[in-house]
There are 2 protein chains.
Amino acid sequence: MSDVAARAGVSTATVSMVLNGVNSTRISPQTQQRVREAAEAVGYKPNSVARSLRTQQTRMVGLISDTIASTPFAGRMLAGANDVAREQGHLVVLVDTERDVEAERQALQALSGQQVDAIIYACMWHRVVEVPEGLPGDAVLLDCAPASGGRAAVVPDERAGGMAAVRELLAAGHRRIAFLDAEKRFDLVASRLRYEGYLEVLADAGIEPDPALHVRAEPVAGGGREAALRLLELPEQRRPTAMFCFNDRMAMGAYAAAHHCGLSIPGDLSVVGYDDQQLIAADLDPPLTTVALPHYEMGRWAMEVALGLLKGDPAVPHLMPCPIIRRASVGPPPAQFGD
Amino acid sequence: MSDVAARAGVSTATVSMVLNGVNSTRISPQTQQRVREAAEAVGYKPNSVARSLRTQQTRMVGLISDTIASTPFAGRMLAGANDVAREQGHLVVLVDTERDVEAERQALQALSGQQVDAIIYACMWHRVVEVPEGLPGDAVLLDCAPASGGRAAVVPDERAGGMAAVRELLAAGHRRIAFLDAEKRFDLVASRLRYEGYLEVLADAGIEPDPALHVRAEPVAGGGREAALRLLELPEQRRPTAMFCFNDRMAMGAYAAAHHCGLSIPGDLSVVGYDDQQLIAADLDPPLTTVALPHYEMGRWAMEVALGLLKGDPAVPHLMPCPIIRRASVGPPPAQFGD
DNA sequence: CTGAAAGCGCTAACAG
DNA sequence: CTGTTAGCGCTTTCAG
């Protein structure tokens, strides 16, 4: 920088002001011009480390996550956070702790040592977490809710998502709608919330929920198949005409079961999934109607409040809508069940 | 830091030395003890920014990638890079440029301004790239090869992977092995390389490749299905008993085609995929034998050479082995084709 | 064995 | 309108 100053015949202070556009009204255009030319000539590159030391702002935000690797959704969240960061001229420092407490401690220490301007604590699937000790109070939680409140957080609105799914089926004329849920032992908050949504919509429609239509299995394709098979073995009058599946993988299994029983989708059976998981939802035959998880949007939101663009309410997690994606797996119930 | 010094009754220089373990032999144990206690008492946290400014080392490495979001493999690469970085006490700064030249320029500038110690340039699928102008000479390329040489790079050994796949089929007794390739217009280096591997193994086995068995389609499930169907319509003597598919998605389509034709896998038809893509390979019925892409390992390698732990050869990209994952989609050919 | 002092590259008061 | 100056928090010779 002193090179530039010398070359332009001014002081470093002037160079700094010109190049940062600060107080630019107070510096003569000719000088500004000279400075810029000198900077260009010297190939001047500002040193952000020095600037950060001086300004106490690094324009970096730390993103600590439990596992970037394991879910295809992680990327969407990162992308959202990244995009906002870039728009704001910030960089994101990523740390993957693999859910290890010691690693989390180290990460936090490294990040605070690095003086990041903000911290986002991200989970790769929706859950409630005991936040690590030492997480700054203004850190924002992404795809998780704090066990003991008091922090800005964003999670998908699973309840509304479940409602949307069931409404879709209701609108198509179904009355006997099953919910293929995840087993309780997985202790998924999404499971509870989606089920609540299911129940609420049924209640609103004046339909008495049939406990036989709420089945649980492992939330993977195999589990979905098995659960769907159980449902399809019910006597005809009790058999569901539609299935709302906890996730797309289970929906995939439901397809397999329908196929096995010689049932066509959506002719004989309608199916709705959840997650809008790439490589499944759109690739199934017929393409699956499902509820999308708003990972990109949550990533954006988290970064926006982290950077102070938005105000997060510490009292209660922000609920991000889960849009329903209409494809071709929902139709009217088979004739004998119609009205 | 001066607080600590005052509290311990020493100078900041001494504090620095003690806390960094530098020249520790030259400082009396009592003093060291006192310093440590003072640091503890004050809750001293070193400021890496200041340290970086002084030492000209940030212990951060920039990872610029074209798209973190779009492939499920991205996470594995990040994870590999991250793990090594953590082991070495480094942080990774992630920038996603979405393959936009202007964004790349900005990213590079931001990273060099931030004085990162090293840069990794990652692609989310194997290709040859024109590296962005301004990419430092010692940057390492991850999952891509430089169009105009001279840089450390790591890519999957697709050729060997193709060979392994075909050998697997050969070993099971197949002679009529098809290759369901990606269409040329996608211009995938993986396609060319895997095909070379296919040809070479056939040649080694003394099998004349039948051009009719090399078919191309869009590298997705639908394309695989269509290509497989074409193959299955061949007169019985020319029909393949095994299919090596460019990727798992095409293999998924091949399964659908076999199913459509009433053929069982692996009884009537053996199938090998490529990618070991989660949610496909292991979840297909029967589970798919496939060749895995070593994303995690490539991520590690890239970070290791970026940090100088390993020496990369700038003359030629490092080839990372693609292990074959044996599952249940390969068996002997149907009896009438046996020997 | 320990302290003083210089300086990493930049910014922001304050003077002129 | 522009220059001087004093640090940001740390490391590292060089003297004691």
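Values below: every heavy atom of this structure, side chains too, minus hydrogens, waters and symmetry copies. Reminder, nothing fancy here: chain letters follow the sequence lines and each chain counts from 1.
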For this session: Indicate yes or no for a side-chain donor-acceptor contact from B/R86 to the backbone of A/A107 under 3.5 Å, with no hydrogens or angles considered.
Result: no

Problem set entry | Proximal nucleotide (of C/dC10, D/dG9, D/dG3) relative to the A/A13 side chain | D/dG3

For this session: Kindly check if the number of other-residue, nucleotide or ligand heavy atoms within 6.0 Å of CD (A/E133) is above 12?
Result: no

Problem set entry | Side chains of A/T31 and A/R34 in contact at under 4.5 Å (non-hydrogen atoms) | yes

Exercise. Rounded to whole angstrom units, what separation is found between the CD atom of B/Q114 and the C1' atom of C/dC8?
Worked result: 15 Å

For this session: Would you mind classifying the nucleic acid contact of A/R54 as base, sugar-phosphate or nothing, using non-hydrogen atoms under 4.0 angstrom?
Result: base

Exercise. Would you say the side chain of A/H318 lies within less than 4.5 Å of the side chain of A/D313, judging by non-hydrogen atoms?
Worked result: no

Exercise. Is any side-chain nitrogen or oxygen of A/R51 closer than 4.0 Å to OP1 or OP2 of C/dG9?
Worked result: no

For this session: Verify the contact: side-chain N or O of B/S28 to OP1 or OP2 of C/dT2, cut-off strictly under 4.0 Å; return yes or no.
Result: yes

Exercise. With respect to the phosphate group of D/dG9, does any side-chain polar atom (N or O) of A/Q115 fall under 4.0 Å of OP1 or OP2?
Worked result: no

Problem set entry | Ion pair check, B/E297 and B/R300, cut-off under 4.0 Å | no

Exercise. Touch check for A/T31, heavy atoms < 4.0 angstrom, all strands: base, sugar-phosphate only, or nothing?
Worked result: sugar-phosphate

For this session: Could you tell me whether the phosphate oxygens of C/dT11, OP1 or OP2, come under 4.0 Å of any side-chain nitrogen or oxygen in A/N20?
Result: yes

Exercise. Picking from C/dC10, D/dC10, C/dG3, which would you name as closest to the side chain of B/T14?
Worked result: C/dG3

Problem set entry | Nearest listed nucleotide, side chain of A/T12, among D/dC10, C/dT11, D/dT12 | C/dT11

Exercise. Through what angle, rounded to 10 degrees, does the axis of the helix from C/dC1-D/dG16 to C/dG16-D/dC1 turn between its ends, using five pairs per end?
Worked result: 50°

Exercise. Do the side-chain N or O atoms of B/S11 get closer than 4.0 angstrom to the phosphate oxygens (OP1, OP2) of C/dA4?
Worked result: no

Exercise. Do A/D157 and A/P321 have side chains that get closer than 4.5 Å, going by heavy atoms?
Worked result: no

Problem set entry | Phosphate OP1/OP2 of D/dT11: any B/Q57 side-chain N/O under 4.0 Å | no

Problem set entry | Spacing of B/M1 atom CE relative to D/dC10 atom C1', expressed in whole Å | 6 Å

Exercise. Roughly how many Å is it from CD in A/Q33 to P in D/dT2, rounded to a whole number?
Worked result: 13 Å

Problem set entry | Whether A/T67 side chain and A/E98 backbone form a donor-acceptor pair below 3.5 Å | no

Exercise. Heavy-atom distance under 4.5 Å between the side chains of A/D83 and A/M303, does that happen here?
Worked result: no

Problem set entry | Nearest-angstrom distance from the residue atom CG of A/L19 to C1' of C/dA12 | 16 Å

For this session: Compare the minimum distances between each of C/dT2, C/dA13, D/dT11 and the side chain of B/S16, then state the nucleotide with the smallest one.
Result: D/dT11

For this session: With heavy atoms under 4.0 Å as the rule, sort A/G113 into base, sugar-phosphate or nothing.
Result: nothing

Seminar exercise, completed: Here the distance between atom P of D/dC10 and atom CG of A/L53, to the nearest Å, is 9 Å

Exercise. When the distance from CG of A/N47 to C1' of C/dG7 is rounded to whole Å, what number comes out?
Worked result: 14 Å

For this session: Measure from CD on A/Q56 to P on C/dC10 and round the result to the nearest Å.
Result: 16 Å

For this session: Assign each of B/Q32 and A/M17 to its nearest nucleotide of DNA chain C by heavy atoms, then name whichever residue's nucleotide is nearer the 5' end.
Result: B/Q32

